[in-house]
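Input: a single structure, listed below in structure tokens.
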2 protein chains.
Amino acid sequence: MSLSIADRSLLEPAARRLNALRPLSAEARAALDYAMLEGLQRAGSGEDLISEGDPVDSVRVVLSGWLCRYKTLEDGRRQIVNFIFPGESCDAHAYLLAVMDHSIATLTPVVYAEIKRARFESLIAGDRSLAEAFWCESLVNNAIQREWAINLGRRVALERVAHLFCEIFERLRPVGMIEGNSCIMPVTQMDLADATGLSVVHLNRTVQELRASGLIVLRERTLTINDLDALKDAALFSPSYLQLYRSG
Amino acid sequence: MSLSIADRSLLEPAARRLNALRPLSAEARAALDYAMLEGLQRAGSGEDLISEGDPVDSVRVVLSGWLCRYKTLEDGRRQIVNFIFPGESCDAHAYLLAVMDHSIATLTPVVYAEIKRARFESLIAGDRSLAEAFWCESLVNNAIQREWAINLGRRVALERVAHLFCEIFERLRPVGMIEGNSCIMPVTQMDLADATGLSVVHLNRTVQELRASGLIVLRERTLTINDLDALKDAALFSPSYLQLYRSG
DNA sequence: CGTGGAGTTGACGTACGTCAATAACGGTGG
DNA sequence: CCACCGTTATTGACGTACGTCAACTCCACG
């Protein structure tokens with residue numbers, strides 16, 4: 001079969017990202033594209049796609065929009081443990097596991113492809129590079145998760161927020177979602193607070209400190225980084241954990 | 001070939017753990033055992049097995065002893081991002097990646113099996129259940145890493161330390177390393193501080209608070225949990241993320 | 001005009017970190 | 001066996017980066 005121009009551009013982020021992790025054969029990519037097109041779905045902003053404790057019966061690949069993984073404590077305290085950007089998959093990370101250990105919520109309206117478990121299994125059984133690409137994705141995710149641990153455990157508020165902005169920026173870059181030194185930042189300060197382990201009030205003051213120092217502009221849901229190198233310095237940010245540059 | 005009794009008991013934790021993640025065929029297990037026996041290594045306490053930035057050219061499976069994954073910031077701040085216990089593998093999580101994003105250090109004398117990259121690749125290429133077991137291990141690791149994020153970001157000191165003790169205890173249980181309500185705790189308070197994102201001083205005070213409340217006894221490198229349920233309550237600990245009970 | 005979510009600000013409290021001293025411990029050599 | 005030493009654990013005094021509470025503003029959307 002052949003894909004329309006519209007289909008191609010819709011599926012582009014996923015193909016681009018997986019291919020960056022592991023080179024995919026043309027057949028593998030075609031099979032994946034076809035499976036994704038069959039399961040296209042939309043969700044509004046602020047919806048839970050799946051919740052902690054839910055059984056995992058499909059893998060979702062995000063085509064547009066932002067999501068987050070989060071966990072909550074009984075008394076309501078909430079921690080966003082990671083973001084999910086276009087091209088990334090939701091729960092391939094869990095397809096071998098019985099139930100979700102965390103929840104996934106949309107932060108914006110989202111388009112994603114849902115691939116049922118059996119379908120996904122036959123996909124990756126049929127092509128080694130595809131299986132490796134998804135495995136690789138979960139390894140990169142693991143590395144990101146480790147960086148978040150040191151971010152939450154050892155960086156002070158200003159470094160923490162600066163680091164988060166650097167990471168978001170660098171993760172959006174390879175999927176073509178930045179323009180110059182700006183990107184959209186479609187989340188509330190409460191989300192940013194939950195991602196950095198801060199209170200909303202202190203997050204707000206920290207953002208203002210970053211603004212006052214001239215490092216960033218954040219308004220109207222757009223983040224502009226005036227001096228990326230300076231922001232990285234302030235954040236003690238070193239991008240190697242993102243594994244963006246593969247040696248082969 | 002056949003294994004001696006001593007070999008069997010040495011390799012037991014690894015086989016037990018991988019098998020719990022995914023049932024291994026007898027052939028797969030034999031092949032893995034053989035590969036491990038070929039690459040047996042020992043390391044003393046306090047050694048770095050591999051450092052951030054190093055290329056990954058082999059997978060290590062821990063047979064006895066404790067290790068930790070850690071990251072450091074330029075100015076020396078250090079965060080232990082996870083522990084590694086017998087039966088777990090070190091860098092299968094990274095074998096598809098070019099370089100390490102973190103360091104791995106021994107916390108005690110350690111026996112491990114080193115499997116070279118090419119050897120490991122042919123092992124998992126030859127048996128699907130083995131590949132899945134290792135993938136599964138990295139998924140569980142990912143889930144643990146997420147729990148650490150909420151631990152560092154949203155739990156207060158007492159909950160954090162209590163949670164760490166619960167996690168260690170429950171992870172040691174399936175590899176037969178607890179006795180009654182006790183397990184060894186061969187790490188310094190500085191290590192525990194680096195794992196919980198606290199200062200040594202505050203960690204010490206927190207441990208004493210746990211002692212004073214009668215929840216734990218910690219002395220002579222042994223942790224005794226007087227009332228596990230009470231400790232779990234204090235920690236807001238829910239073990240499902242450890243994926244210890246698989247539905248199949 | 002309301003209404004509610006998001007952002008912002010001030011006042012104040014506190015859980016943590018830092019610094020520094022001391023005590024307990026474990027190993028080493030005499 | 002003891003003297004010595006470095007590492008680890010503990011304690012007190014004090015500082016501070018953060019959280020909490022509460023008010024107020026500013027929109028966006030009815």
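When reading the values below, keep in mind they use all heavy atoms of this one structure, side chains included, and skip hydrogens, waters and symmetry mates.
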For S199(A), which contact category applies under a 4.0 Å heavy-atom criterion: base, sugar-phosphate, or nothing?
base
Under a 4.0 Å heavy-atom cut-off, which of residues 147-168 of chain A touch DNA chain D?
V156(A), A157(A)
Flag, side chain of S51(A) to backbone of D54(A), donor-acceptor distance under 3.5 Å:
no
Between P on dG5(C) and CG on D191(A), what's the gap in Å once rounded to a whole number?
14 Å
In whole angstroms, the gap separating P of dT10(D) from CE of M190(B) amounts to 16 Å
Starting at CD of Q189(B) and ending at P of dT8(D), how long is that distance when rounded to a whole Å?
11 Å
Tell me which residues in residues 201-224 of chain B lie within less than 4.0 Å of DNA chain C, going by non-hydrogen atoms.
V201(B), H202(B), R205(B)
Check this for me: R42(B), atom CZ, are more than 12 non-hydrogen atoms of other residues, nucleotides or ligands nearer than 6.0 Å?
no
What's G46(B) touching, base or sugar-phosphate or nothing? Going by heavy atoms closer than 4.0 Å.
nothing
Does Q41(A) CD have over 12 foreign heavy atoms under 6.0 Å away?
yes
Under 3.5 Å, side chain of S103(A) to main-chain N/O of E52(A), donor-acceptor pair present?
yes
Which angle, rounded to 10°, do you find between the first-five-pair axis and the last-five-pair axis of the helix from dC1(C)-dG30(D) to dG30(C)-dC1(D)?
40°
Heavy-atom donor-acceptor pair, R69(B) side chain to C90(B) backbone, under 3.5 Å:
yes
State the CG-CG distance between N82(B) and L67(B), to the nearest 0.5 angstrom.
11.0 Å
To check you understand the geometry: which heavy-atom pair defines the closest contact between R154(B) and D194(A), and what is its length?
NH2-OD1, 2.8 Å
With a 4.0 Å cut-off on N to O distance, would you call E137(A) and R17(A) a salt bridge?
yes
Donor-acceptor contact below 3.5 Å, side chain R146(A) vs main chain Q145(B):
no
Min side-chain heavy-atom separation E88(B)-V62(B) under 4.5 Å:
no
Counting N and O atoms only, with roles assigned by atom type, does the side chain of S45(B) sit under 3.5 Å from a partner on the main chain of L107(B), one being a donor and the other an acceptor?
yes
Atom-to-atom span, CZ of R78(A) to P of dG19(D) - whole angstrom:
16 Å
